[in-house]
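Down below is the structure, laid out as structure tokens.
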Amino acid sequence: MKKSVLLCAVFIFLTFAVPISVNSVFALNNERIEFTYNGRVFNYELSENIKTSERFDLNYEINKYNRFSTKEERIKLFKYMLDIGFDKSVALEYIFPNLDNLITKIEKNMFISPKDAELNINSNREKVFNIKSEVVGISLDREKLYDDLAKKFLANEILSLELPIKKTYPKITREYYERFTNLRADFSTDISRSNADRKHNVKTALNSLNKLVILPNETFSFNKTTGRRTKENGYRTAKIIVNNEYVDGVGGGVCQVSTTLYNALLLAGLDVREANKHSKQVSYVRYGFDAMVNYGSSDLKFYNNTNEKITIITNYSPTHARVRIYGEKMGDVKYKLTNEISDIVEPDEEIRYDEAGEYADRILYDDEYFYLKRGSRGMKIKSYRDEYKDGKLIEHKLIRTDRYNVENAVKIYGTKKRTDSGAQSSEIIDLIKLTSVKYM
């Protein structure tokens, strides 16, 4: 009887105090956990991890049990650990040694950091905006993984499960950029006949507008954006219109930029708050759609009456000044610009003779002449913006009414008589060259 009791005590001691042999482990616990994700399979083999497992130093209540006994006993042990307050992750690591190492490796393998969409602007391309899509972040949902694994283990089910993931969405998406990168209007004017200094001024003003962003409910000022037209700000001397006359002034040509922008704004359906005409009609845009600017007195202003950002894109070439307007989609709405010209008065010619020789460097003889001043017609101009929806005119809106007074031409003749009246001097100045005025 004593011998039987002693043998029983030894058996209990070996069971609870001495680790089970590796061969016994293979016999009792050849268990596998299979994780799958995106068609990939990750396996955990219990038999391969017992050899390298270090014994947990938890507490006496736990350590007295053999965690490598039969599956049924280990399930009881796992449930007992949860009942006395151990976290699922700790209990699972105790039952499945090195499981956490495998999960960490899987997590590193599948982890993707969230990344905002990117917007790149190249104003020299027809496709101005290049949008790089956002990247959705992916990480392992460890808490759910441990919950799912614990449920299967406690239910004695096959330990095979799809890895649960968490997605982290970036703040800025492609859809965000697509809301305000739609072409609303594209307008160009011809500068091919301008001289080098005038083209330089056009280019300088265009560059100051390029890639400019106007927020919803924000008001844009051309003068504030381009700054004073001074030599210190990079502008050169070229022809400008002052009191119906072409004179030299710093910044000549900038008004063509403001005019090009003005027409693009109208075609984009934006709310133009201020636009002013020149004192003299200009030739680079249809009558009634010019926009004269003069720092401190005349400005071009518009209000962003849309729900999204407005972006101005400008382009310069030796032949054209171009402005494109981008923002929210206009849908089926289109705009056209029209005008009505009335009250036309044709100019007369005033003939003068250069008796004082004031223009002797240009004309001498009484059969030579040049135009000191070109005449311009008097007229009344009404400018309209027509709004079309689905191809049908829904609004014929009067934008402004301009009136120009008639300007008579001034024609200057020389006074010297020729000795040979049948032959003109080779010094006769070509009329076109004398009277042509390049775009102002």
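As the structure is a prediction and not an experimental result, all values here were calculated from the model.
The distance between the ring centers of F96 and F153 falls below 6.0 angstrom.
Cation-pi geometry between K277 and Y404 is met: the NZ or CZ atom falls under 6.0 Å from the ring centre, inside 45° of the normal. Both the sub-6.0 Å distance and the 45° axial angle are not jointly satisfied by R40 relative to the ring of Y37. Cation-pi check for K334 over Y388 is not met; the charged atom does not lie both under 6.0 angstrom from the ring centroid and within 45 degrees of its normal. By the 6.0 Å and 45° rule, R377 does not stack over the aromatic ring of Y287.
Between D147 and K151 there is no salt bridge, since none of the side-chain N atoms of the basic residue sits less than 4.0 Å from a carboxylate O of the acidic one. Comment: E340 does not engage K380 in a salt bridge, judged by the lack of any side-chain N to carboxylate O separation of less than 4.0 angstrom. Taking 4.0 Å as the cut-off between side-chain N and carboxylate O, K336 and E387 do not count as a salt-bridged pair. With respect to the salt-bridge test (charged N to carboxylate O, under 4.0 angstrom), the residues R179 and E308 qualify. The residues R400 and D402 are annotated as salt-bridged, a charged nitrogen and a carboxylate oxygen being separated by less than 4.0 angstrom. Between D148 and K152 there is no salt bridge, since no side-chain N of the basic residue sits under 4.0 Å from a carboxylate O of the acidic one. At a threshold of 4.0 Å, the pair K76-E72 does not count as salt-bridged, since none of the basic side-chain nitrogens sits closer than that to a carboxylate oxygen.
The side chain to side chain donor-acceptor pair (under 3.5 Å) check on T173 picks up nothing, with sequence neighbours excluded.
Within 6.0 Å of the CD1 atom in I394, the count of heavy atoms belonging to other residues, nucleotides or ligands exceeds 12. With a 6.0 Å radius and a threshold of 12 heavy atoms from other residues, nucleotides or ligands, E143 has its CD atom at or below the threshold.
Heavy atoms only, all atoms of each residue included: A185 and A268 are closest at CB-N, 3.6 Å. When every heavy atom of P164 is checked against every heavy atom of K144, the shortest pair comes out as CB-CD, 3.7 Å.
Here the side chains of L206 and K203 are not in contact, with every heavy-atom distance at 4.5 Å or above. For the pair Y316 and T314, the minimum side-chain heavy-atom distance is 4.5 Å or more. A heavy-atom distance below 4.5 Å is not found between the side chains of I191 and T319. Inter-residue side-chain proximity for F222 and K301 is flagged as unmet; no heavy-atom pair is nearer than 4.5 Å. Side-chain contact between S208 and T226 is present, with heavy atoms from C-beta onward closer than 4.5 Å. Proximity of N43 to F35: side-chain heavy atoms (C-beta onward) are nowhere separated by under 4.5 Å. Within the 4.5 Å cutoff, the side chain of K199 has no heavy atoms near those of the N195 side chain.
Side-chain atoms of D186 do not come within 3.5 Å of backbone N or O of R324 as any donor-acceptor pair. Formation of a donor-acceptor pair under 3.5 Å by the E407 side chain with backbone atoms of S376 is not found in this model. In this structure a side-chain-to-backbone donor-acceptor pair under 3.5 Å is missing from T260 to V323.
A distance of 8.5 Å separates CG of D290 from OG of S258, quoted to the nearest 0.5 Å.
For the residue pair S383 / N339, no side-chain donor-acceptor distance below 3.5 Å is found, with atom types taken as modelled. Checked by atom type, the side-chain pair N201/T204 shows no donor-acceptor distance below 3.5 Å.
Identified under the side-chain hydrogen bond (donor to acceptor under 3.5 Å, both in side chains) test for residues 131-140, with sequence neighbours left out: S133-R174.
Checking each of Y326, F180, Y177 against F129 for a ring-ring contact (aromatic ring centres under 6.0 Å, His included) leaves exactly one that passes, namely Y326.
Aromatic ring orientation, F302 versus F220: tilted (interplanar angle from 30° to 60°).
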